[in-house]
Amino acid sequence: MRLKQRIITLLLLLCSVLAVSARGESIIDIAQLISNEDYSRAKVLLNRYLSLNPEDDMAWYYLSFCLWNEQDYEGSANCLQRAKELDPSN
């Protein structure tokens with residue numbers, strides 16, 4: 001019975017990862033956009049990504065970076081605060 005539960009859990013996790021990746025919203029893709037200084041596109045994807053993964057501290061950090069580059073300093077600070085709340089060691 002435990003083996004069945006593990007297999008089902010693994011399949012559900014794999015499906016959710018594939019669903020996010022299929023829409024081009026993996027955090028790696030977003031980091032690449034930021035690396036290429038495509039902040040506006042990264043911001044759109046980050047907002048979508050965070051609606052599905054609100055507990056991802058790195059996504060909040062990346063969104064903060066995008067907002068800072070748009071000179072939205074208050075929004076950037078709020079995102080940094082959220083990232084810090086999720087992972088104080090960051």
Side-chain angles (χ1 to χ4, degrees):
M1 191 64 168
R2 284 186 173 258
L3 181 60
K4 281 185 181 180
Q5 287 176 332
R6 287 183 180 174
I7 291 172
I8 290 170
T9 302
L10 180 62
L11 287 174
L12 289 173
L13 179 61
L14 180 60
C15 288
S16 67
V17 168
L18 290 174
V20 170
S21 294
R23 289 192 297 262
E25 295 172 20
S26 77
I27 201 68
I28 295 169
D29 293 335
I30 294 167
Q32 185 62 46
L33 289 172
I34 291 170
S35 176
N36 294 334
E37 299 181 2
D38 191 352
Y39 304 114
S40 60
R41 187 163 171 228
K43 185 175 122 179
V44 169
L45 293 178
L46 278 164
N47 284 319
R48 208 176 305 155
Y49 180 87
L50 282 166
S51 71
L52 299 171
N53 305 283
E55 303 299 312
D56 188 332
D57 63 299
M58 283 307 298
W60 286 105
Y61 172 77
Y62 287 143
L63 182 56
S64 150
F65 192 77
C66 290
L67 293 172
W68 182 268
N69 281 285
E70 292 180 346
Q71 298 182 345
D72 179 358
Y73 303 120
E74 184 177 347
S76 178
N78 290 336
C79 290
L80 277 176
Q81 181 61 35
R82 180 68 179 134
K84 182 181 172 188
E85 290 168 2
L86 292 169
D87 185 1
S89 68
N90 220 353

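Both backbone and side-chain heavy atoms feed into the values below; hydrogens, waters and symmetry mates do not. Small disclaimer: the values here were computed from a predicted structure and weren't measured.
- Scanning both residues, Tyr61 and Ala83, for their nearest heavy atoms gives N-CB, 4.0 Å.
- Here Arg41 contributes atom CZ and Asp29 contributes atom CG; the two are 8.5 Å apart, rounded to the nearest 0.5 Å.
- Enclosure of atom CZ in Phe65 is not indicated, since only 12 or fewer non-hydrogen atoms of other residues, nucleotides or ligands lie within 6.0 angstrom.
- If you take CD1 on Ile30 and OH on Tyr49, they are separated by 7.0 Å, rounding to the nearest 0.5 Å.
- To the nearest 0.5 angstrom, Asp57 atom CG is 11.5 Å from Glu85 atom CD.
- Between Leu67 and Asn78 the shortest side-chain heavy-atom distance does not fall below 4.5 Å.
- Of the listed residues (Asp38, Asn47, Leu46), just one forms a side chain to side chain contact (heavy atoms under 4.5 Å, CB included) with Cys66, and that residue is Leu46.
- Judged purely by atom type and a 3.5 angstrom limit, Asn53 has no side-chain atom pairing as donor or acceptor with the backbone of Asp56.
- Within a 6.0 Å sphere centred on CD of Glu74, heavy atoms belonging to other residues, nucleotides or ligands number 12 at most.
- Taking both residues in full, the closest heavy atoms of Ser40 and Glu70 are given as CA-OE2, 4.2 Å, listed atom of the first, atom of the second, then distance.
- With rounding to the nearest 0.5 angstrom, the CG atom of Leu50 is 9.5 Å from the CZ atom of Arg82.
- Here Asp87 contributes atom CG and Met58 contributes atom CE; the two are 9.5 Å apart, rounded to the nearest 0.5 Å.
- Of all non-hydrogen atoms in Ser64 and Cys79, the two that sit nearest each other are CB-CB, 3.6 Å.
- Put simply, CD1 on Ile28 and CG on Leu33 are 12.5 Å apart, with the number rounded to the nearest 0.5 Å.
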Please step through side chain to side chain contact (heavy atoms under 4.5 Å, CB included) for the pair Trp60 and Leu80, ending with a clear verdict. CA-CA 7 Å; Trp60 286 105; Leu80 277 176; over 6 Å; no

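- Looking at every heavy atom in both residues, Tyr39 comes nearest to Ile34 through CE2-O, 3.9 Å.
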